[in-house]
Amino acid sequence: SGDVAVLAPAGGDAAAALRAPRKLVMFHFSSGLAAAPLAEDPHFMALAGLAPGVVALNRILGLPEALHKAALTRSVARAAKACGAAADAWYPRSWCLPQEAHALREADDGESCYIMKPNRGSEGDHIYLTYAPPRPWEPLPPTKHAYATQAHWVCQRYLPRPCTLDGYKFDLRLYVVITAVDPPRAYLCRGGLARLATVPYAAPAASNVSTTLMHLTNYSLNRHAAAFVPADDDRGDRASKRSAAAAFERLAADRGVAVEAIWASLDAVAAKTVAALWPELAFRHRSAFGASGATRGFHLVGLDVLLDE
């Protein structure tokens with residue numbers, strides 16, 4: 001909001017910010033310690049369960065590591081097993097490689113398309129489609145990143161019939177703020193973005209699995225394409241990156257989609273994701289702060305969701 005102060009540069013007077021009374025303090029670790037007091041927001045403080053004057057960090061212990069692709073996949077599988085539910089009803093059927101290479105080979109029907117993702121990759125880097133997932137005895141493809149070794153890949157069954165906008169595949173980037181972990185408490189923002197690919201969609205086939213900009217919706221990849229449509233006041237509803245509201249409005253007008261029903265499903269997906277993360281986060285939290293320790297932070301999480309046809 002407009003009352004958020006600009007982050008102080010690295011090396012700024014963090015101690016003075018910490019001493020400021022009745023302020024919420026944000027820390028930014030990417031380029032050294034920096035801190036800035038924010039104007040007190042009673043509404044957010046109430047949501048986060050924080051009393052005035054309490055210092056909160058915009059990090060929750062262990063959450064970044066728990067959101068790596070392999071860790072999240074394992075958490076979802078454990079939660080589904082514990083609850084007797086099918087995880088692939090809302091999370092793609094996934095295998096962590098090479099640990100689950102034999103299970104993948106047994107499940108492979110020889111006809112399905114798969115999408116390979118480096119565990120800690122981002123922005124679509126090194127993601128590719130294949131009809132021949134790696135066999136247990138085959139080395140996994142290298143990447144330029146030291147962390148994306150052959151011990152850290154996730155293979156997922158590709159969703160062949162995604163919902164499309166204007167003939168293009170798209171996904172939704174939604175935002176969830178987690179304000180407590182033991183017990184968990186989180187809120188889903190009724191906003192978000194729709195990110196479109198820049199090559200008209202066709203079902204995966206041997207002839208198009210290498211057409212990255214047809215199958216991947218990452219903005220970091222598609223923004224360089226000649227067909228990318230930037231957003232402006234005149235064509236925001238036709239842009240390659242538009243608001244989720246604009247996307248839902250188009251789906252409702254063109255296909256009669258019930259937007260509130262979609263939001264109800266998105267609420268459920270967000271809740272299940274947070275619930276799947278809870279055991280590991282609660283364990284870390286109790287180990288660090290004790291069983292009665294209150295959460296002294298919050299964490300904003302980006303949730304990427306595909307709608308099927």
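- One hydrophobic cluster holds both L193 and V177 under the rule that ILVMFWY side chains link at heavy-atom gaps under 4.5 Å.
- Within a 6.0 Å sphere centred on CD of Q156, heavy atoms belonging to other residues, nucleotides or ligands number more than 12.
- The hydrophobic clustering, which links ILVMFWY residues whose side-chain heavy atoms are closer than 4.5 Å, places F248 and V269 together.
- Under the rule for a ring pair (Phe, Tyr, Trp, His ring centres under 6.0 Å), Y91 has no partner lying at least two apart in sequence or in another chain.
- By the side chain to side chain donor-acceptor pair (under 3.5 Å) test, S220 is found to be paired with no residue, residues two or more places apart in sequence or in another chain being considered.
- S112 and D109 share a donor-acceptor pair across their side chains, judged by distance under 3.5 Å alone.
- L172 and Y168 fall within a single hydrophobic cluster, where Ile, Leu, Val, Met, Phe, Trp and Tyr are joined by side-chain heavy atoms under 4.5 Å apart, directly or via other members.
- Cluster annotation: V76 is connected to V274 through the hydrophobic network of ILVMFWY side chains, with a link wherever side-chain heavy atoms come within less than 4.5 Å.
- Residues that satisfy the ring pair (Phe, Tyr, Trp, His ring centres under 6.0 Å) test with Y175, not counting sequence neighbours, are absent from this structure.
- A side chain to side chain donor-acceptor pair (under 3.5 Å) check over residues 269-281, counting only residues at least two apart or in different chains, returns the pairs E280-R284.
- E260 pairs by the side chain to side chain donor-acceptor pair (under 3.5 Å) definition with nothing, not counting sequence neighbours.
- Side-chain atoms of H215 and Y201 include no donor-acceptor pair closer than 3.5 Å.
- Looking only at side-chain heavy atoms (C-beta outward), L281 and F283 stay at 4.5 Å or farther from each other.
- Applying the side-chain contact (heavy atoms from CB on, under 4.5 Å) test to D171 and every residue at least two apart in sequence or in another chain returns R195, T217, D304, L306.
- Checked by atom type and distance alone, the side chain of Y131 pairs as donor or acceptor with a backbone atom of P204 at under 3.5 Å.
- Tracing side-chain contacts under 4.5 Å through hydrophobic residues (I, L, V, M, F, W, Y), one reaches W153 starting from Y114; they form part of the same cluster.
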Is there a side chain to side chain contact (heavy atoms under 4.5 Å, CB included) between L196 and R242? Walk through the geometry before answering. CA-CA 8 Å; L196 280 68; R242 64 187 75 168; 3.5 Å; yes

